[in-house]
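Only this structure's heavy atoms are used, side chains among them; waters, hydrogens and symmetry mates stay out. Residue numbers start from 1 in every chain, and the chains themselves are labelled A, B, ... in the order their sequence lines are given, proteins ahead of strands. Since the structure is predicted, the reported quantities are computational estimates derived from the model, not experimental observations.
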Number of protein chains: 2
Amino acid sequence: MATNELAEGGAKRMAFQREHEHVSPRGLFDQVEPKGSRRFLTAAVVAFSGRGYHATTTRDIATLAGSSPAGIYTYYATKADLLYEISVIAHQYILDETIAAVAVHEDPIGRISEVVRRSVTYHAEEHVLARVVNTDFRALDVPRLAAILKMRRQISTIVRDEVARGVELGVFDVNHIEGATIAILRLLDVAPWYNERGPMSPAELAEVYVALILKMVGASHQGGDRDAAVNG
Amino acid sequence: MATNELAEGGAKRMAFQREHEHVSPRGLFDQVEPKGSRRFLTAAVVAFSGRGYHATTTRDIATLAGSSPAGIYTYYATKADLLYEISVIAHQYILDETIAAVAVHEDPIGRISEVVRRSVTYHAEEHVLARVVNTDFRALDVPRLAAILKMRRQISTIVRDEVARGVELGVFDVNHIEGATIAILRLLDVAPWYNERGPMSPAELAEVYVALILKMVGASHQGGDRDAAVNG
DNA sequence: GGGCTGCAAGCAAGCGCTTAGTAGATGGGG
DNA sequence: CCCCATCTACTAAGCGCTTGCTTGCAGCCC
């Protein structure tokens with residue numbers, strides 16, 4: 001069986017490739033060059049997401065990518081390199097999204113709403129990827145972990161600053177800024193439980209979470225329709 | 001070095017034992033019999049909590065417990081057995097706590113407050129243990145995973161019923177019961193980030209979270225002891 | 001002195017990764 | 001237009017090591 005599979009390697013590989021080509025609905029890996037490495041990167045995302053970094057073998061990844069166990073090492077020196085490249089791409093993306101979100105509006109309610117909307121939509125749409133980068137980053141070695149933690153701290157800082165700003169402007173009612181910030185950040189990651197076959201689309205879920213978090217920070221949902229408070 | 005360590009096994013073991021004797025501040029493993037197995041159970045909690053189930057070797061656990069690699073197998077047939085016993089004990093405890101919490105009060109605000117208070121306090125005090133059972137339970141095989149998931153579903157159901165009850169009685173203001181339930185459940189697990197050397201005690205954190213979640217479900221903070229001016 | 005408890009030693013399997021080598025595309029010289 | 005050197009992408013084979021777990025035996029407490 002193994003011999004047959006490998007004999008028709010070309011067709012097999014394409015079939016595998018097609019399978020996890022759409023791992024990232026937003027195409028976060030589309031720019032990765034060379035194309036060969038993209039194959040292993042998306043295969044690694046699928047494997048890590050399903051069983052976790054440590055439980056995933058390099059052979060699992062190679063099989064998903066439709067190559068022999070050694071194929072990985074044409075593009076990546078270690079299994080950890082795969083995890084690191086995945087982590088950097090995903091964290092850079094959500095950091096950019098968060099930075100962009102706070103630039104859309106001037107008022108605190110609009111800003112925090114936009115941060116929540118974008119982040120929840122991302123975590124739901126990209127839940128396969130997000131499960132990897134929000135769980136397995138602890139497996140990285142110290143210098144690489146530091147680089148990822150730095151990006152995570154930047155996101156935390158943006159959210160904390162927005163909460164503080166809303167409080168200063170008298171728009172939010174929060175007793176404990178740090179507590180509220182951590183609560184918000186924790187809520188944004190819906191990836192661990194989100195199911196794309198469930199009742200809520202990412203966009204619907206995002207609106208539910210915008211409402212919940214606005215109430216949590218004591219910002220009243222102004223007006224009958226949700227866009228009234230957001231459009232500036 | 002390794003030789004010396006093993007030569008003075010007795011004293012070393014007691015030192016190790018003392019180290020992770022207080023892994024569980026609430027003494028969740030105090031009733032485990034025989035005592036020998038308790039040693040390995042608490043050692044496994046420390047090891048799993050620090051590096052995760054798959055990254056922890058049986059030798060790590062044995063070393064922490066102050067025994068040879070084979071020592072574990074006097075009490076446990078497999079590494080997974082350790083994880084399973086840990087998971088059952090912890091889940092049974094927090095399930096009992098949650099059942100007890102909703103029995104304290106009659107009014108929805110009092111009930112949900114008590115659930116949040118007990119759960120957050122538990123997750124903060126027992127953050128080493130909670131980190132294991134809320135992350136690594138996915139590593140269990142299907143039948144054991146099913147047993148754990150059943151207990152987790154029971155907790156979810158209690159919280160969902162409390163949210164629904166509060167809405168029915170007109171005390172809570174929630175647009176989406178399922179969304180609010182998942183949000184609450186996610187907030188309760190503070191273990192991944194809680195640091196006992198941080199500024200907040202478990203009890204203080206619990207009160208912050210009670211306030212946040214009450215606002216999230218649209219229940220006003222009744223009583224004037226904290227901050228009567230929640231509704232600005 | 002019999003039953004636990006625990007250890008030293010080690011096994012089979014599986015791990016991440018390396019090596020030597022090749023099929024197939026590429027492209028410049030004759 | 002063909003030949004062949006070159007290069008890239010890939011594989012078969014397997015190395016050295018670690019893993020979870022087993023075995024056979026020894027101390028020790030009742």
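Taking the six-membered ring wherever Trp is involved, the centroid distance between the rings of A:Y84 and A:F137 does not fall below 6.0 Å.
At C:dG6, one or more side-chain N or O atoms of B:R39 fall inside 4.0 Å of OP1 or OP2 (strictly under the cut-off). Applying the 4.0 Å criterion to OP1 and OP2 of C:dG16, one finds that A:T58 has a side-chain N or O inside that range. Here B:Y75 reaches the OP1 or OP2 of C:dG6: one of its side-chain N or O atoms lies under 4.0 Å away.
The CZ atom of B:F40 sits 14 Å away from the P atom of D:dC21 (whole-angstrom rounding). Distance CZ (B:R51) to P (D:dT19): 8 Å, rounded to an integer number of Å. The interatomic distance linking B:Y73 (OH) with D:dT22 (P) rounds to 7 Å, in whole Å.
The closest donor-acceptor contact from the side chain of A:R117 to the backbone of A:A206 lies at 3.5 Å or more, if one exists at all. Side-chain atoms of B:Y122 do not come within 3.5 Å of backbone N or O of B:Y93 as any donor-acceptor pair.
Here the side chain of B:R59 is nearest to one of D:dT11, C:dG16, D:dG20, namely D:dG20. Taking the side chain of B:P69 as heavy atoms from C-beta on, and the options D:dT22, D:dA12, D:dC21, the nearest nucleotide is D:dC21. Listed candidates were C:dA8, C:dG16, D:dC10. Nearest to the side chain of A:T74 is D:dC10. Proximity note for A:K79 (side chain, C-beta onward) versus D:dG20, C:dC17, C:dA8: the nearest is C:dC17.
Of the two residues near DNA chain C, A:D60 and A:A70, the one whose nearest nucleotide lies more 5' is A:D60. Between A:A77 and A:A55, the one whose closest nucleotide on DNA chain C sits nearer the 5' end is A:A55.
Between A:R38 and A:D30 there is no salt bridge, since no side-chain nitrogen of the basic residue lies less than 4.0 Å from a carboxylate oxygen of the acidic one.
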